[in-house]
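Data first, discussion second: the structure below is written as structure tokens.
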Amino acid sequence: MPFLSGLSFIRQYITKPRTVGAVLPSSKFLADKMTSNIDFNNAQCIVEYGAGTGVFTENILKLRKPDTVVILFENNQQFYNLLNEKYANEANLYVVNDSAEHIGKYLQMHNVSVADYIISGLPFASLPQAVSANIMTQTKNFLRPGGSFITFQYTLLKRDFIKQYFANIAVTREIRNVPPAYVFCCKG
């Protein structure tokens, strides 16, 4: 299955590079770094933007409490179908085929008012500016006070953009990823 997911990822990158953003799925090392700042014992809702083939999702599901609600956003139809099939029997996990701009609608649909953590694999460097701004505005609106927005990017070019929404940003680097990535752990 991982090999097939990798082939699917490459195919989607070639046909939709602006929305997929990378030629390969994220590494396990990046997934570990992305989820290391989550307090799984106290998280009631975790949202993931751009879940792709589920690399970060695997860590979230392995570490979450059974009653923690997990909502995955995946705008790419092929990845959405893959995630839906992969997690069909997973309790309290919902896969959404829509833009992360509509987070509020889906939180409400699942009787959740705010997310404790929002993890993002979205390629902000290649998304249209208006879409990125809408996503960040909604992220800030629907993130619990004291919660964290955790994203990764391949360059530091979007740091100033993210800083418009989150004043406190801790940046780490994961070199065991293709390509190496910067992880931004953001708090309001």
Side-chain angles (χ1 to χ4, degrees), residues 19 26 31-77 79-84 86-124 127-153 158-159 161-171 183-188:
T19 58
S26 299
D32 290 344
K33 194 163 277 191
M34 288 285 288
T35 56
S36 67
N37 291 301
I38 297 175
D39 177 2
F40 286 98
N41 290 325
N42 294 307
Q44 295 178 16
C45 178
I46 301 170
V47 173
E48 182 180 354
Y49 296 160
T53 60
V55 176
F56 302 155
T57 309
E58 289 298 318
N59 271 20
I60 292 167
L61 295 178
K62 181 172 59 179
L63 299 168
R64 73 165 175 161
K65 295 182 310 180
D67 61 336
T68 300
V69 172
V70 177
I71 302 173
L72 308 178
F73 280 82
E74 183 47 65
N75 213 20
N76 178 292
Q77 186 67 47
F79 290 155
Y80 166 78
N81 292 342
L82 180 129
L83 293 167
N84 238 356
K86 190 174 184 179
Y87 301 119
N89 298 317
E90 192 72 43
N92 295 319
L93 180 133
Y94 307 99
V95 184
V96 174
N97 184 221
D98 200 352
S99 172
E101 295 169 278
H102 305 123
I103 182 175
K105 170 183 172 182
Y106 294 97
L107 288 174
Q108 182 179 19
M109 188 181 292
H110 299 294
N111 299 314
V112 177
S113 57
V114 292
D116 297 293
Y117 296 91
I118 299 175
I119 307 296
S120 175
L122 296 177
F124 287 109
L127 290 177
Q129 183 65 29
V131 171
S132 293
N134 286 340
I135 290 169
M136 293 302 290
T137 297
Q138 295 307 310
T139 296
K140 190 162 174 107
N141 288 345
F142 290 101
L143 186 63
R144 169 184 61 81
S148 296
F149 170 65
I150 305 164
T151 188
F152 79 92
Q153 301 292 294
K158 287 297 179 178
R159 180 192 281 184
F161 167 73
I162 295 170
K163 210 168 192 101
Q164 294 173 40
Y165 302 91
F166 295 96
N168 183 355
I169 303 174
V171 179
V183 175
F184 296 74
C185 185
C186 312
K187 293 183 181 284

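Remember, it's a predicted structure, so these values are computed and weren't measured experimentally.
For E90, the side-chain hydrogen bond (donor to acceptor under 3.5 Å, both in side chains) test picks out R64, with sequence neighbours left out. Partners of Y165 by ring pair (Phe, Tyr, Trp, His ring centres under 6.0 Å), not counting sequence neighbours, listed by chain and number: F161. Applying the salt bridge (Lys or Arg N to Asp or Glu O under 4.0 Å) criterion to D98, with sequence neighbours excluded, gives no partner residue. Every residue was checked against the side chain to side chain contact (heavy atoms under 4.5 Å, CB included) condition with N89, not counting sequence neighbours, and none meets it. Every residue meeting the salt bridge (Lys or Arg N to Asp or Glu O under 4.0 Å) condition with K33, not counting sequence neighbours, appears here in chain and number order: E174.
With 3.5 Å as the limit, one finds no donor-acceptor pair spanning the side chains of N92 and D67.
Counting only residues at least two apart or in different chains, side chain to side chain donor-acceptor pair (under 3.5 Å) contacts with residues 131-147 comprise Y49-T139, E101-N134, D116-R144.
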Run F56 and I150 through side-chain contact (heavy atoms from CB on, under 4.5 Å) and show every step you take.
CA-CA 11 Å; F56 302 155; I150 305 164; over 6 Å; no
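At distances below 3.5 Å, not a single donor-acceptor pair connects side-chain atoms of S148 with backbone N or O atoms of C185.
Within the model, atoms CD of Q77 and CG of N97 stand 4.5 Å from one another, a figure rounded to the nearest 0.5 Å. Note that CD of E74 is 8.5 Å distant from CG of L122, once rounded to the nearest 0.5 Å.
Within 6.0 Å of the CD atom in Q44, the count of heavy atoms belonging to other residues, nucleotides or ligands does not exceed 12.
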